[in-house]
Each structure stands twice: as C-alpha cells, then as structure tokens.
Amino acid sequence: MKWDKEKLEGYNPGEIEAKWYDFWEKEGYFHQDPDSSREPYSIVMPPPNVTGQLHMGHALDNTLQDILIRFKRMSGYNVVWIPGTDHAGIATQVKVEEQLAKEEGKTRYDIGREEFLKRVWAWKEKYGNRIEQQVRRLGSSCDWSRKRFTMDDICARAVREVFVALYEKGLIYQGHRITNWCPHCHTALSDIEVDHKDEAGHLWYVKYPVIGEDDYIMIATTRPETIMGDTAVAVNPEDERMKKYIGKKVLVPLVNREVEVIADDYVDIEFGTGAVKITPAHDPNDFEMGERHNLESIMIMNLDGTMNAAAGKEFDGMTLKECRKAVVADLEKLGLLDHVEELNHAVGHCSRCKTTVEPLSTKQWFVKMKPLAEEALAAVDRGDTKFIPGRFTKIYDHWLENIQDWCISRQLWWGHQIPVWYCDDCGEVSASRTDLTECPHCHSKHIHQDPDVLDTWFSSALWPFSTMGWPDKTPDLQHFFPTSVLVTGYDIIFFWVARMMFATCEFMKEVPFKDVFIHGLVRDSQGRKMSKSLGNGIDPLEVSDMYGADALRFTLVTGNTPGNDMRFYMERVEANRNFANKIWNASKFVIMNLEDYDPEFVPTTDDFTLADRWILTSFNQVVRQVTKGLDSYELGDAAATVYDFTWNSFCDWYIELAKQRLYKSDDKRSRQTAQYVLVRVLTGALALLHPFMPFVTEHLWQHLPHEGESLIVAPWPTVDEALDFAEDAATMNIMMEAVKAIRNMRAEANVPMGKKAPVTLVPADEAMAEVLHTYETYFKTLAFVDEVHILKTTDAKPENAVVTVVPRIEVYLLLKDLIDVEKETARVAKEQEKTRSEIERLEKKLSNKGFTDKAPEAVVAKEKEKLAAYREKAEALNKRMEDLKHL
C-alpha cells in the first residue's frame, strides 16, 4: 500500500488540475488497445467545429461523456473515447476569407482555389486545435492518440466510399430543388445554418383578375416581389368560399400570365383570404405543390439576390428591396392592391453573415432519403437503439417519417470536393473513389471535377465508423463498434443523430450506438438561451480558472436531468467549490491522524462501534445508488447522492464521532479501527466522486493509503455484504434523529452555541436503553449536551422542559437556565405582532378582486405563498410561546 505523506496545504484548484491531467495523459491512462477478454465501452465525441471556442454546451456535453467514460474505465470495461473536430465548411471558409480581406485586401477569387485552400489548412494548423486544449482543461479523458478530423485522410476515404456507393445505387442524384440560399456566401445552407428571427413585416392583399369574368380572387402575400414568378393560385378544396374558383384561370398581375386556380389540402383556410399565390422556384412549400400539380418553375432572381430578366425588364437588376417597393407602387397604380396589414413573421438569416436567406430552386446534389430512412426507423422501433429519455423517440420518428431528400452540395471551396467528374467531350458524368485523370467512358483527358463540396453533415454522418478506420476492418472497428452511447443535445436530433443512424445502418448493417443520451441546453440564470447578441454567454474556461474545473463539472451535472434545459447560476459553482474545499479539509484531517497508521491492520466485526457500522452500511447503500444512477443515465441523481453522503454523513457526522477515538492514545485498537474506517470510506467516497470531480479526488487519493498508481484506473467501489449492518444503521439513524431534535430545540429557543444543557432521554425499550447507555457520548459530541440522563418509561418525566419525540426515544431538554425567559417571551411576542400584521395585510390584498383579477397570475401566486409562509410562522411562534410558559 502506498500514499503521498506530503502535507496538504489549502485547496487551490489551479495548482493541481493541470498537473494531474498531464500525469494521466503522459502515463497513457486515456488509451486502451482492443482487448477481447473485456467488455468494450466506446463513445465518439460529437466533433466541435475546428473554428470553435468552448461554450457551456460543449462543457456540459463533454462532462457527461467523461463521467460515463471514467465510471466504465474504473468498472473494468475496455474503454475508448475518440475525440475529434469538424472542418465546419462555411464557418471556416468565412474566417479565412475575413482574414484575407483584412490582411491583404483580397477575395478568394483573387488568389484562386488551390492557394486559398493552402491558406485554410495553414489557418487550421495554427488556430484549429485551440478547442482541443480547452477540452483538456475540463478534464476530458479522451484518447488523443485516436483523434480524428473530418477532412483527414481516413475520414476523406470514408466520405468518398459512401458517396460513390450511394451514387451507384441511384440514391444520390443531381437536380433542381428548393434550398436555403445565402446571396452573400453564394451557397446553399443546411437548416441548422439558418437562424430564424421575428421581423416586422406586412401582408399585402392583391387582386388577381379572373379571366373572362368581372371578378377577381384576392390573395395575401408577405413577398409581393415574387409575384412575377407565380405559376398558379391555390385554395383549399374544403373552403366553401373558394370552391367556385377551382379550375378557373386568373391573370398574374404585372406579367399578365394566365394561371390556373388549383385545389390543394396544404392551403390554410384561416390564413389571409384562404387563397395563396404559388411560386415554385422561390418557396419550399410552393415547390412541393408545383411537383404535385406539375407546375412550371420560373426563377426570377439571380444568385446574388438581385432580380433577373425573367422578372421583367422593369425589375431586371433591382435588389429585392428595390423590387418590392416598385412592385407595390405598380400594383397601386393598377388598382390591384386592396390593402396592407402589419405582420410579424420569422425570417431566415445566414448564421455566418446574417444576410436574409432566399429559398431558391438551384441545381444541387441530393440524397434520396425515403429508402435510407426505413431501416433507421425500424432499428429504433426494434429497440436496437434507445433514446434516453424515451420521449425523444417521437421527434426522431416524426422527422424520418416526413423526411425530404437531403441537399448535400455546397458552393464552397473548403470541404470534401464532390467526387464527380464531367467529360467535356462525351458529356458523361462519373463518380469515383479515386481522382480521375481521364473519362472512364471515352478516355478523353478533357474532364473536370464538380467544383462544389459536400455538406459538412455528410462527413459527420459517418463519424461513428469513419473514426475507427472504415472502410478497412480495423481492430478498433471490430472490437469497439457499435459504440455504446451517443451523448448529445436535443437540438441536433434531426441534423446529426438521424443522419448517423441511416448512414450507419446502410453501410455497417448495424446501429451506430446502443443508446442516445439526450441532454438539454444550458441557459442563463433567467432561463434565456446563451447568445452573443444577448451578451449573456458564460465562458467555461473563465469559470474553471476562477473556481476550478471540478466545481464547474459538478455544477453542470447536478443541475442536469436527462433531456431538460438547465439554468446556470454562478452561486452554485461557488457552492460546489466549497464542497471540494470541504472534501479537502476532511481529507487533510484524516491524513493528519495517520502518523501511526498500520496498513496491515484489519478490525474484527466486534471492533466496530455503532457509528462505524452505520457509516460502512451507508457507504454500501451509496455504492448501490450511485452505480445504479450512472448505469441508468441519472447522472445528476448519482452526483447528488455521493455529495450528500460525503458532506453530511461522512464529514459532518462520522468524522466528528471518530475524533474522540483518534485522540484516545490509551486505546490503540479503537484508534486503529477508526483509522481503518476513515481511510476505507474516504478513499471509497473519492472513487465514487472521481467521475464527477476528477482532479481534486485524484490529488487527495494520492495522499491517502491506497493500492495502485492512479485513481483514474482504480477499481470502482463494490458493495461489501460483510460490512452491511442494516439493524445497527437503523438504530444509529434514530440516534441521529434525537441529536437533530436537540439541535432544533436549541435553535428555536435561540440558545447560544457555547451554552451546554442537560438532556433527558426516555427509551421505549431495553434494547434502545442499552444503546443510549453505551453511546451517550454521541450526544455530548454532537448536540452541545453536558449531561445525559437516561430514564425508564415508568420514571417521572422532567418538568419545565421542552419535549420532542423521535422513534423509540422521548427527548427532554431543560432550557430554563440557558435562556432569559422574560426577554425571550418579549421577543416572541414582538415577532407574533409583526407576523399578525403581515397576515392581515396579505389577507386584505388577496381579498381585493381588483388585485386578484388584474395582477399577473404569477404575482398573485407569490402573494399566496407569502401568506402561507406567515401563517406557518405564526403557528410556530404560538407553540414557542406555550413552551415558554412552562419554563
């Protein structure tokens, strides 16, 4: 057995956290080779953007993963946690373009694609690994020797293989569909790259003349500038007002195009007039309707967001804003604008450049999703993959059941260039796993590769298996796949989780992970989402520097219930730093009392006191609860359990009771038994705490007697049935109830801490009487008692005493000599009067209909809570006054 006998100074997380992380990494504790003799446990880290700065969402996600990994590593599993970063196509390209413009006054087009990509790789090497260091700062024990990057050679090979295989199956195709288009970045965007925010807008009511009749149909639109692209007007077939128009032709204003009034269930009868204009090239819903009704799709905008010739000579070249103004003016002149209403509606903006996103029909590459979604849905339905909490299964199912084809091409330079080549001579299109130098069809050298790159989510969809070396059958892939659990937020179930599911089911013929552990968002103390615009973001690194990464981690996990958002309070971080300090001081006390510690000494059952038996039994119970909590992903409950045991049971109760034996030099065996129990329980508690607070627990464990080199690979505590004393533990709990009762009576009577009082105990049976006689010192140690009198049930009870009853014990406390009864009576009377006054005020306020009817519900509820609290206080004061009368 070994331990570091160097003296512990005060707790300073800054001094120990970097030291122990370097130690773990240097000693190779994060790395394990595949071992067929042990059960595998694997996690792939959701890859943060290479441009990223660690935020609270990352901190929560990594903390939860690290807790699971450390727990399973200590439990003897063959563990791997693979870290990595995502190339973040558009985000990284924007960063480098901004740098290029700022430093050289150039655009990417000025230096060309090849040179630009060199600059991006250089930027990535210089700045792209910052987030890795930040993840280390949190204590994440991932295997850095296995780290992956979504554009490294291994991942790039997997991307090529998947693209070509899907293309060969006919599941990847090129075509025109509506996409989110950024006129500034000149690329299609994924839904997650579009930020929607409410803007003040208008609803224009426009008359569309019915051909051959002195009538018109009124439509309401938020985008009059797209009228020139209308190819139909649609109404709901169940709308009685509109049935007469179905099948008739109307004239599209300004362009005088004859279009049909069609019937479609999609139209909302309640919105606007119940009739809507259909512009298939500029609205995703209109596009779908156009597909259903075989409508013409007319593109009236350029890719830079200006109007083109198809919009009409008058509007050609205008910006959208200029065009809207001109269209509205022309409609007014023609008498076709009926009226305008104000309307707030959500408008999409590019998350990078903040430009308003345009839904445009552009030529892109797509993945056919329906065939791939089938197995991804079935796998979850069979239970091959489970969502925790289970309610998120519905979100997953709903998205996949209603899935549209996935646009995978992006008009960027940074990313996986689409592995498709076009022959300039024969016109054939070829997808290839390797770069082509000639056309496979006609052998012409005049070929060129598609300039677009793949959506970033395409490469991250392969993350569970590409990180392990697929398409090669690597030892990691054979042993650690499928992964054990994916830990992620609910906001990317569709963007990432579902895509990993269908990609993995298709290419690995297995699910990518057995469990999906969903957590919520970290919000500020007011419940708001943290964002740059609100300026309410909290830097986890700054918090770690101030209070320690352990305190931050413990705050994140104890404020977390699976799937729910949590509010972040700095006060809780400070409280958890105090918890670390409490453990530190308790360990310091134990270490100071180990000068003569004998590691070979093992007490017999008879050596154990009631307190020993209670703490050992309590520790067994905590091991059961914490292990069960971690196995069932109730990480917050597990952390709270070990917190309560360590702070309350061990530090506040057991250590206090052990002191008297440690200081008794005349009873060596009793002192050795106390040392044995202190070391056993404290090192066990540190092991249970290690997944949550790895740094402080490692440091303290190293200073205590222990087996092995490091706590990170120490065995997870197990229940020792030989040290389970349920009956004794129950008896000790009654003793503790009696002590708490005495403390409460003293507190209610405002007895000064320094004043001790005699206590009389009346046990209900002989067994309890024997316990009280044996351990009456517990009351002197813990309850500020100088004398303990133990009576029989038949003895006369003390007069002029305050009494409380706990199971099997009546507790009498003589207070007359401890307090000035006259002064205390006057104080209580004054407090009673003040309380009565508050009750009257609140009752009057709540009986006022003017207040209860007009005030917000939350305000009224708050006042009712106050009244209930004052009434409860009044009852306590009345009881106190009665007690004082008997003193």
Side-chain angles (χ1 to χ4, degrees), residues 175-183 188-189 191 194 196 201-208 217-239 242 245-303 305 307-308 310-312 315 320 323-324 327-328 331 336 343 345-348 356-364 366 402-407:
H176 281 83
R177 293 184 69 85
I178 288 283
T179 58
N180 300 307
W181 183 266
C182 177
L189 303 174
D191 289 342
V194 179
H196 291 274
H202 296 88
L203 199 57
W204 284 270
Y205 286 78
V206 183
K207 300 172 182 176
Y208 282 49
I217 189 167
M218 183 96 72
I219 63 95
T221 180
T222 59
R223 305 193 69 200
E225 67 275 15
T226 64
I227 281 175
M228 295 78 74
D230 289 354
T231 56
V233 168
V235 298
N236 192 299
E238 301 303 316
D239 190 342
M242 297 294 172
Y245 295 112
I246 297 171
K248 292 183 178 180
K249 296 285 184 82
V250 295
L251 204 62
V252 177
L254 306 182
V255 291
N256 295 323
R257 181 184 303 120
E258 290 188 14
V259 300
E260 187 176 341
V261 179
I262 61 174
D264 197 289
D265 291 334
Y266 175 78
V267 179
D268 183 357
I269 296 174
E270 302 300 322
F271 180 77
T273 65
V276 293
K277 57 193 273 320
I278 306 302
T279 319
H282 297 281
D283 182 278
N285 298 314
D286 291 4
F287 179 85
E288 296 299 327
M289 213 178 295
E291 293 279 287
R292 288 196 293 274
H293 296 274
N294 198 28
L295 299 177
E296 184 184 2
S297 181
I298 304 171
M299 185 92 156
I300 60 169
M301 290 179 198
N302 298 311
L303 296 182
M307 308 306 290
N308 63 24
F315 308 114
L320 294 180
C323 183
R324 174 176 291 183
V327 165
V328 170
L331 290 171
L336 297 176
L343 177 75
H345 61 129
V347 177
T356 299
V357 169
E358 291 296 330
L360 293 182
S361 176
T362 55
K363 192 177 184 182
Q364 303 286 352
F366 294 89
N402 297 278
I403 199 163
Q404 301 297 316
D405 287 356
W406 174 20
C407 174

Worksheet, complete the sentence: To the nearest 0.5 Å, atom NZ of Lys277 lies from atom OG1 of Thr231 at 9.5 Å

Worksheet item: Do you know the tightest heavy-atom contact between Tyr205 and Ala220?
Response: CE2-CB, 3.8 Å

Response to the item:
For Ser297 and Ala281, the nearest pair of non-hydrogen atoms, with its separation, is OG-CB, 3.2 Å

Response to the item:
For Glu270, the side chain to side chain contact (heavy atoms under 4.5 Å, CB included) test, sequence neighbours excluded, returns Asp268

Practice prompt. Apply side chain to side chain contact (heavy atoms under 4.5 Å, CB included) to the pair Leu203 and Thr221, showing each step before the final yes or no.
Written response: CA-CA 5 Å; Leu203 199 57; Thr221 180; 5.8 Å; no

Worksheet entry | Heavy-atom closest pair, residues Met301 and Thr226 | CE-CG2, 4.0 Å

Discussion item. Looking at every heavy atom in both Pro237 and Asp265, which two are closest together, and how far apart are they?
Written reply: CG-OD1, 3.2 Å

Discussion item. Once rounded to the nearest 0.5 Å, what's the spacing between atom CE of Met228 and atom CG of Asn308?
Written reply: 9.5 Å

Item to complete: Grab the two heavy atoms, one from Asn302 and one from Leu360, that are nearest each other, plus how far apart they are.
Response: O-CD1, 4.3 Å

Worksheet item: Can you name the salt bridge (charged side-chain N to carboxylate O under 4.0 Å, His left out) partners of Asp286, sequence neighbours left out?
Response: none

Practice prompt. Applying side chain to side chain contact (heavy atoms under 4.5 Å, CB included), name anything that partners Val252, two or more places apart in sequence or on another chain.
Written response: Tyr208, Ile227, Asp230, Val255, Arg257, Val259

Worksheet item: With side chains defined as the heavy atoms from C-beta onward, is the minimum distance between His282 and Pro359 less than 4.5 Å?
Response: no

Worksheet item: Which residues satisfy the side chain to side chain donor-acceptor pair (under 3.5 Å) test with Thr273, sequence neighbours excluded?
Response: none

Worksheet item: Are Phe315 and Arg324 close enough that some pair of their side-chain heavy atoms sits under 4.5 Å apart?
Response: no

Practice prompt. Check whether any side-chain heavy atom of Leu303 sits under 4.5 Å from a side-chain heavy atom of Trp181, and report yes or no.
Written response: yes

Practice prompt. Please report the C-alpha distance between Met242 and Ile217 in whole Å, then the side-chain angles of each, then the deciding distance to 0.1 Å, and finally whether the side chain to side chain contact (heavy atoms under 4.5 Å, CB included) criterion is met.
Written response: CA-CA 9 Å; Met242 297 294 172; Ile217 189 167; 4.0 Å; yes

Worksheet item: Does Ser361 reach the main-chain N or O of His176 with its side chain, forming a donor-acceptor pair under 3.5 Å?
Response: no

Worksheet item: Can you find a pair of side-chain heavy atoms, one from Leu320 and one from Arg223, that are under 4.5 Å apart?
Response: yes

Practice prompt. Evaluate the side-chain proximity of His202 to Pro224: yes if any heavy-atom separation is below 4.5 Å, no if none is.
Written response: no

Fill in: Salt bridge present between Glu258 and Lys248 (N-O < 4.0 angstrom)
no

Fill in: Sidechain-backbone polar pair: Asn180 side chain, Glu358 backbone, donor-acceptor under 3.5 Å
no

Item to complete: For Gln364 and Ala188, work out which heavy atoms get closest and say how close.
Response: NE2-CB, 3.8 Å

Discussion item. So Ile178 and Asp283, do their side chains get closer than 4.5 Å, heavy atoms only?
Written reply: no

Item to complete: Working to the nearest 0.5 Å, report the span between CG of Asp239 and OH of Tyr245.
Response: 10.5 Å

Fill in: Note, Val328 side chain near Trp204 side chain (heavy atom, < 4.5 Å)
yes

Item to complete: Please identify each residue that fulfils side chain to side chain contact (heavy atoms under 4.5 Å, CB included) with Val276, with sequence neighbours left out.
Response: Ala234, Val267, Ile278

Worksheet item: Does some side-chain heavy atom of Arg177 sit less than 4.5 Å from a side-chain heavy atom of Glu288?
Response: yes

Item to complete: Name all residues meeting the side chain to side chain contact (heavy atoms under 4.5 Å, CB included) criterion together with His293; count only those two or more places apart in sequence or in a different chain, and write none if there are none.
Response: Ile262, Asp264, Met289, Leu295

